[in-house]
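Working notes, structure below.
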Amino acid sequence: MENLEHMDVLTVIIKNTALNGMPKWYQALTLSLFAIIATVAITMYFKIGFQASEMSEMAMRFGY
């Protein structure tokens, strides 16, 4: 049942975007690339956030 609900969400996303009517391989490639880019962006955002305290200490250390 859970797999069907997941597929319904993807079907609605595809129907409401320009991917509607495109070949299945193109839809899968596009959604996969989007997921990879979004994952990398969010991961880097959190990595920068966790290291912000170290960066601010370094900036003060090399300050005036």
*Pairing residues for Phe34 by the side chain to side chain contact (heavy atoms under 4.5 Å, CB included) criterion, not counting sequence neighbours*: none
_Counterpart residues, side chain to side chain contact (heavy atoms under 4.5 Å, CB included), relative to Leu19 (two or more places apart)_ = Ile14, Thr17, Tyr26, Gln27, Thr30, Leu31
*What about Leu10 and Trp25, same hydrophobic cluster or not, with Ile/Leu/Val/Met/Phe/Trp/Tyr joined at side-chain heavy-atom distances under 4.5 Å?*
yes
_Is there a continuous path of hydrophobic side-chain contacts, each under 4.5 Å between heavy atoms, that joins Met44 to Ile42?_
no
_From Lys15 atom NZ to Ile13 atom CD1, the distance as rounded to the nearest 0.5 Å_ = 12.5 Å
